[in-house]
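Please read the structure below before turning to the comments.
Predicted, not measured: the structure shown is a model, and the values here were computed from it.
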Amino acid sequence: MEGPDDAVLSGAALPPGLVDAVDVLRGRTLTVRPLPGGLTNRNYRVDTDEASYVVRISDPGTGALAIDRDDEHRNSVIAASTGVGAPVHAYVPEASALVIGYIEGRTLTDADVGAAGTLERVAAACRRLHDGPRFVNDFDMFAVQAGYQHLVLDRGYRLPEGYLDHAPVLVRLREALAVQAGPTVACNNDLLAGNCIDDGTDVRLIDYEYAGNNDPCFELGNLACECHLSIEQLEHLVAAYFGAPRPDQVARARLFGLLGQYGWTLWASIQQATSTIDFDFWTWGMEKYEQAAAAFTGPELDGLLDAAAGCR
């Protein structure tokens, strides 16, 4: 998990009443340090004389992002049961807080995820999560994108120029991806390098805000986009996950990755309008939109759709 910065705070930095509500923190001397990162939460490493924990305080405005904190808690418990997620110690809704175990290890970078050796271990972590118990809810980026779009238009939030022009492409994506769709599995749905921790033995996966049962190729394609993997690296990731080269699944992962980029663009628009976190969400989202728009209008799209549907 990401290392703490130099600031050392007291337990009073946590929401009032939280410490008394959590067994592993109550009555102990606490060392609290902010953890960097997190675009929808404020995260703290909390050390006691017995163990270390992460306290995640969610932003109250994240309800607009289709995050259900009760589902996040229950899915985090399920992920922990597979050995992939961090152990869950407490959920305190009134403080918007989730308390999980601190995973000692190294947070991966984009370059780490794409490296031979690590790529296979990340694929193994995904497979272990996906082979575990189902989550309590489903996640469908087509539905999430539609919900985000309705909210953005209804509230007059900023929309990239030409965004709505790509609606016909979404219809084609949905049709192609439906042809070889298999059973959904428990997916994190928000894998980026910062959510992958190398504990020295295994790669662990954290942050289950968007977790839900989904097509495994969304997980792989979204990860590839977030970590800026090359096509060759994605092919390697897919082969490691499925146990053999699978060009059709590579095409599915690439299309799901584009769908994710298109949908997360609107996530950024909503955050830009509502979040109290100091971050340039609009620029972050426009980078995703430009990638998706270029692919939606590019020469490879027809071939990807055919390959994903098993037509070539």
Side-chain angles (χ1 to χ4, degrees), residues 1-9 24 30-57 72 75-89 98-132 186-211 219-230 232-234 236-241 257 277 279 284:
M1 196 165 283
E2 294 191 30
D5 63 19
D6 294 332
V8 179
L9 310 174
V24 295
L30 307 179
T31 302
V32 181
R33 297 181 177 88
L35 287 169
L39 299 183
T40 54
N41 301 287
R42 289 173 174 80
N43 301 311
Y44 301 90
R45 173 174 172 170
V46 180
D47 295 310
T48 73
D49 54 351
E50 295 182 352
S52 297
Y53 307 93
V54 172
V55 176
R56 291 164 47 83
I57 310 299
E72 176 190 5
N75 289 336
S76 297
V77 172
I78 293 170
S81 75
T82 69
V84 176
V88 178
H89 294 280
L98 183 68
V99 181
I100 61 176
Y102 181 87
I103 299 174
E104 295 287 353
R106 184 171 62 88
T107 301
L108 299 186
T109 65
D110 290 355
D112 292 329
V113 172
T118 304
L119 199 63
E120 294 89 344
R121 296 171 68 222
V122 172
C126 291
R127 171 64 81 175
R128 188 173 180 184
L129 177 68
H130 296 176
D131 286 345
C187 290
N188 177 287
N189 298 313
D190 190 29
L191 283 187
L192 51 151
N195 288 340
C196 301
I197 313 297
D198 185 348
D199 69 4
T201 302
D202 298 310
V203 172
R204 310 281 294 278
L205 308 178
I206 62 171
D207 192 350
Y208 291 87
E209 286 183 310
Y210 298 93
E219 192 93 285
L220 302 180
N222 191 67
L223 172 67
C225 285
E226 294 295 336
C227 295
H228 308 96
L229 300 186
S230 67
E232 292 75 17
Q233 288 170 320
L234 174 59
H236 191 173
L237 176 68
V238 169
Y241 180 89
I277 295 174
F279 183 79
W284 181 91

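In plain terms, the two heavy atoms of Leu205 and Leu129 that are nearest each other are CD1-CD2, 4.3 Å. Nearest heavy-atom pair across Ala80 and Ala86 is CB-O, 3.2 Å. Across every non-hydrogen atom of Val203 and Arg121, the tightest pair is CG2-CB, 3.8 Å. The shortest non-hydrogen separation linking Arg127 to Tyr241 is NH2-O, 2.8 Å. Closest approach of Tyr208 to Glu72, counting heavy atoms only: O-CG, 3.6 Å. Considering all non-hydrogen atoms of both residues, Tyr44 and Leu35 come closest at C-CD1, 3.9 Å.
In this structure, the side chains of Leu229 and Leu119 come closer than 4.5 Å at one or more pairs of heavy atoms. Side-chain atoms of Ile197 and Ile206, non-hydrogen and from C-beta on, do get closer than 4.5 Å to each other. When side chains are defined from C-beta on, Asn189 does not count as touching Asn222, because their heavy atoms never get closer than 4.5 Å.
Here the side chain of Asp199 pairs a donor or acceptor atom with the backbone of Thr201 at under 3.5 angstrom. In this structure, the side chain of Asn195 engages the main chain of Asp190 through a donor-acceptor pair within 3.5 Å.
Between the side chains of Glu209 and Asn41, a donor-acceptor pair is found at a separation under 3.5 Å.
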